[in-house]
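Just below is one structure, and these are the notes that go with it.
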4 protein chains.
Amino acid sequence: MRLKEGNKGNDILLAAIKVFAESGYHNAKIHKIAELAGVATGSIYVYYKNKETILQRIFEQLWERLYNELAAISRRTDINAIEKFDGLIDLLFDMFIKDPALAVVFVNEQNYLIQKDPKGFTPYYQKFIDLGECIVVEGIDKNAFTPDIDVKIIRSYIFGGLRHLLHQWAQSPEEYSLDSIRENVKYFSKRGLLK
Amino acid sequence: MRLKEGNKGNDILLAAIKVFAESGYHNAKIHKIAELAGVATGSIYVYYKNKETILQRIFEQLWERLYNELAAISRRTDINAIEKFDGLIDLLFDMFIKDPALAVVFVNEQNYLIQKDPKGFTPYYQKFIDLGECIVVEGIDKNAFTPDIDVKIIRSYIFGGLRHLLHQWAQSPEEYSLDSIRENVKYFSKRGLLK
Amino acid sequence: MRLKEGNKGNDILLAAIKVFAESGYHNAKIHKIAELAGVATGSIYVYYKNKETILQRIFEQLWERLYNELAAISRRTDINAIEKFDGLIDLLFDMFIKDPALAVVFVNEQNYLIQKDPKGFTPYYQKFIDLGECIVVEGIDKNAFTPDIDVKIIRSYIFGGLRHLLHQWAQSPEEYSLDSIRENVKYFSKRGLLK
Amino acid sequence: MRLKEGNKGNDILLAAIKVFAESGYHNAKIHKIAELAGVATGSIYVYYKNKETILQRIFEQLWERLYNELAAISRRTDINAIEKFDGLIDLLFDMFIKDPALAVVFVNEQNYLIQKDPKGFTPYYQKFIDLGECIVVEGIDKNAFTPDIDVKIIRSYIFGGLRHLLHQWAQSPEEYSLDSIRENVKYFSKRGLLK
DNA sequence: GATGAATGAGTGTTCATTCAT
DNA sequence: TATGAATGAACACTCATTCAT
């Protein structure tokens with residue numbers, strides 16, 4: 001195993017997530033990331049072209065992972081579209097639970113990054129969104145979901161609603177249990193979707 | 001005195017909205033705001049303590065206006081809770097249609113500002129949110145909306161969904177008509193809310 | 001009498017002395033001087049060309065007054081050179097007692113002003129210094145003071161010593177009584193001067 | 001590393017002394033110091049927290065050096081108090097001769113710095129002053145100096161006198177020889193001090 | 001004269017990025 | 001690869017001074 005030969009590139013990424021979450025991307029200092037990652041400032045630039053690239057890589061890793069997990073769910077034949085939709089929502093909630101700092105970065109910085117350089121943003125994001133759409137379309141086709149909605153619109157609606165809720169939760173986690181939020185979201189959304 | 005030939009304080013605010021929308025708050029340059037406002041750099045500081053204060057004032061003005069309009073809707077006795085809910089959604093859509101730049105600023109910078117200085121953020125925002133909640137509660141009391149949801153959670157969900165949709169639209173307005181988005185939101189949300 | 005028709009030019013000077021004493025010339029704000037003087041910022045410039053001119057005028061007024069008083073002492077025939085020397089020292093001490101703020105400005109800013117614009121500095125200063133020298137020379141001529149010193153050098157020595165002592169006292173007036181300082185100065189200096 | 005090709009920290013200090021002497025602390029520009037030191041503007045802040053810190057460091061270095069030299073004199077047993085007093089005066093004169101720019105900074109800025117941040121001012125200054133006092137006290141104890149003076153007061157008087165004389169000389173060195181000044185000071189002061 | 005809003009040149013300081021070692 | 005001292009462009013903010021009223 002190559003344990004303490006340590007993956008510096010990844011150490012930097014993990015440190016960056018923490019620092020971006022704490023201070024926001026624009027107020028984050030490179031030297032603080034380096035410090036937290038246990039490397040010299042200059043070493044950051046051995047692994048990443050610049051500050052923005054670090055942020056891009058964070059999102060690439062995030063959406064690649066989420067996409068792969070959603071793909072696994074989507075491929076399953078033992079569950080129906082409704083259950084797959086539940087799975088999608090659980091996916092996002094689980095991500096937040098496992099890595100709150102990453103979630104904060106996602107909520108706060110994704111807009112900025114997409115607007116700044118749409119081409120540079122990871123294609124996994126779009127693939128994830130598309131796959132989510134597929135699941136809903138599948139539900140409509142199977143007569144489980146209502147056809148009276150525009151799937152692309154509702155998909156964004158649900159995505160934005162989730163994101164905002166998770167953000168609220170991240171700021172004051174004591175106010176609501178994530179489980180309560182999760183159940184309300186599922187209940188409300190499915191009432192909107194189900195036939 | 002050389003003041004009042006056209007409310008410079010407001011000129012600055014309007015210019016700031018444009019510049020913040022274009023470049024984002026953090027990349028916006030004070031001198032560019034001044035230029036666009038037709039004012040000297042130093043004059044910005046006659047009207048606003050610093051850059052952040054300008055952003056705060058933008059949100060104060062925005063939420064004060066929205067709150068007052070929602071209050072007017074809420075007070076009406078000639079329409080029921082469902083129609084009031086429609087009114088709430090129309091309010092936000094209208095704001096976006098009238099001032100897309102303001103909407104972009106709202107979507108991109110509100111999180112940052114609230115996190116940076118929660119106390120300094122306009123109380124009109126919370127009042128607006130609370131009033132929206134009242135309308136839904138009223139609907140539940142009048143047996144129009146389902147009581148099986150947590151109003152505070154769903155209120156955030158809807159708010160976040162709306163915000164994200166409007167943001168998407170602002171970035172590529174040609175892809176969807178705002179009216180189509182508006183109708184889908186109303187339809188989907190009311191399916192979730194109605195008894 | 002023209003009392004509350006008020007001498008604004010002098011009000012400004014008095015305010016400036018206070019503000020310069022408190023914050024130092026370089027950190028003093030014109031608008032604070034105006035506020036303290038009870039006039040508008042712009043009015044300062046009706047009476048004085050700029051900030052430096054105010055400082056120059058303060059020193060002009062100070063040295064004109066001191067010179068006239070020393071001249072009166074110098075002219076007297078009823079006292080000898082030694083008593084005149086005592087009078088010179090008393091003059092400076094009295095100034096400090098009557099107007100500590102003015103004294104602080106004198107100690108802190110005179111060097112700066114002379115170096116910045118030697119030509120612009122009030123000629124009363126030089127006249128005062130010369131007159132002090134005369135008194136000592138008179139003492140030497142009358143065989144009261146020793147001729148073994150260079151009067152110009154010792155005059156500066158005494159002047160600097162006095163200034164430093166007064167400065168020390170102004171910073172912590174509780175540590176020494178001005179009278180104790182005065183007597184020590186007279187005693188020590190006269191030991192140095194007397195034949 | 002790119003450090004140590006000639007002690008940049010000290011280069012900056014030397015440049016700062018020159019620029020402070022020429023323009024005064026408040027009018028000195030950081031970029032000019034950098035230029036003179038042959039260093040980039042930003043490098044100043046690698047070595048010093050800010051402009052004021054540079055000034056503090058100048059005084060620290062100055063008084064540490066003077067204190068150590070005076071301590072060496074004070075420790076000697078082969079010379080009496082009178083000779084030590086001469087040594088003290090020579091010390092200050094020598095400093096001025098070797099580094100007139102440093103002397104100008106000392107005369108012009110020490111008051112400001114002490115008043116602005118008394119705690120931040122180098123303790124070597126007080127130690128120097130105290131040691132000077134010791135020498136005079138020793139002279140009194142050994143019956144060489146008169147006990148009829150307050151040592152603390154006269155110590156300030158002498159210090160201030162010296163400072164002023166050196167300042168005068170630095171502004172127009174041609175008018176008097178430093179040696180003439182030095183001898184007059186010694187003569188006059190010792191007349192005042194000796195029994 | 002008196003006002004105080006408006007001005008804009010000026011500057012200390014930050015920090016992402018570079019590069020000699 | 002790894003370092004961290006060095007860089008210098010960039011910018012928010014200040015404030016003495018002006019001038020239309």
Side-chain angles (χ1 to χ4, degrees), chain A residues 5-6 8-9 12 25-35 37-54, chain B residues 1-5 8-9 12 26-35 37-54, chain C residues 5-6 8-9 12 25-35 37-54, chain D residues 1-5 8-9 12 26-35 37-54:
Chain A
E5 150 201 343
K8 282 197 188 179
I12 291 166
Y25 173 73
H26 286 95
N27 288 110
K29 316 295 177 221
I30 288 285
H31 93 101
K32 210 177 171 185
I33 295 174
E35 191 184 44
V39 301
T41 310
S43 302
I44 301 272
Y45 293 85
V46 174
Y47 293 90
Y48 303 95
K49 198 183 142 228
N50 53 31
K51 197 179 173 186
E52 196 172 301
T53 304
I54 301 175
Chain B
M1 57 173 178
R2 279 192 275 174
L3 191 65
K4 273 290 142 53
E5 327 145 334
K8 286 196 184 181
I12 291 166
H26 287 95
N27 287 110
K29 314 299 175 214
I30 288 287
H31 90 100
K32 207 175 174 187
I33 294 175
E35 191 183 46
V39 149
T41 308
S43 301
I44 301 274
Y45 295 88
V46 174
Y47 292 90
Y48 303 95
K49 196 181 142 237
N50 52 31
K51 201 180 170 185
E52 193 171 305
T53 303
I54 302 176
Chain C
E5 148 201 343
K8 282 197 188 180
I12 291 166
Y25 172 73
H26 286 96
N27 287 110
K29 315 295 177 218
I30 288 286
H31 93 101
K32 209 176 171 188
I33 295 174
E35 192 183 46
V39 302
T41 308
S43 302
I44 300 272
Y45 292 85
V46 173
Y47 293 89
Y48 302 95
K49 195 184 145 231
N50 53 31
K51 198 179 171 184
E52 195 171 302
T53 304
I54 301 175
Chain D
M1 56 173 179
R2 277 194 277 176
L3 193 64
K4 276 287 142 58
E5 329 144 332
K8 288 198 184 177
I12 291 166
H26 287 95
N27 287 111
K29 313 301 174 211
I30 287 286
H31 91 101
K32 209 176 172 186
I33 294 174
E35 193 183 44
V39 149
T41 309
S43 300
I44 301 276
Y45 294 87
V46 173
Y47 292 90
Y48 303 94
K49 199 181 141 237
N50 51 32
K51 199 179 171 186
E52 195 172 304
T53 303
I54 302 176

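To find a chain, count down the sequence lines: A is the first, B the second, and so on, and within it residues start at 1.
Residues meeting the side chain to side chain donor-acceptor pair (under 3.5 Å) test with C:E35, sequence neighbours left out: none. For C:Y48, there are no ring-ring contact (aromatic ring centres under 6.0 Å, His included) partners at least two apart in sequence or on another chain. Listed by chain and number, the residues in a side-chain contact (heavy atoms from CB on, under 4.5 Å) with C:Y47 are C:K8, C:I12 (sequence neighbours excluded). Remark: D:H26 engages C:H26 in a side chain to side chain donor-acceptor pair (under 3.5 Å) (not counting sequence neighbours). Residues forming a ring-ring contact (aromatic ring centres under 6.0 Å, His included) with A:Y45 (at least two apart in sequence, or on another chain): none. For C:N27, there are no side chain to side chain donor-acceptor pair (under 3.5 Å) partners, not counting sequence neighbours.
For the pair C:K8 and E:dA2, the criterion of a side-chain N or O lying under 4.0 Å from OP1 or OP2 is met.
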Let me have a per-nucleotide readout for nucleotides 10-16 of chain F, 5' to 3', with B, S or -, counting only protein heavy atoms under 4.0 Å.
-SSBBSS
Here DNA chain F, pairs taken as Watson-Crick or G-U under 3.5 Å and shown with ( ), [ ] when crossing and | when to another strand, reads .||||||||||||||||||||
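When each of A:V46 and D:V39 is assigned the nucleotide of DNA chain F bearing its nearest heavy atom, the one mapping closer to the 5' terminus is A:V46.
Separating the CD atom of D:E35 from the P atom of E:dG12 is a distance of 14 Å, rounded to the nearest angstrom. Between the CD1 atom of A:I44 and the P atom of E:dC15 there is a distance of 15 Å, given to the nearest Å.
A:Y47 comes within contact range of the sugar-phosphate backbone alone, with a heavy-atom separation under 4.0 Å but no base atom that close.
Between D:I30 atom CD1 and D:N50 atom CG the span is 8.0 Å, to the nearest 0.5 Å.
Taking the side chain as every heavy atom from C-beta outward, C:V39 and C:V46 never approach each other to under 4.5 Å.
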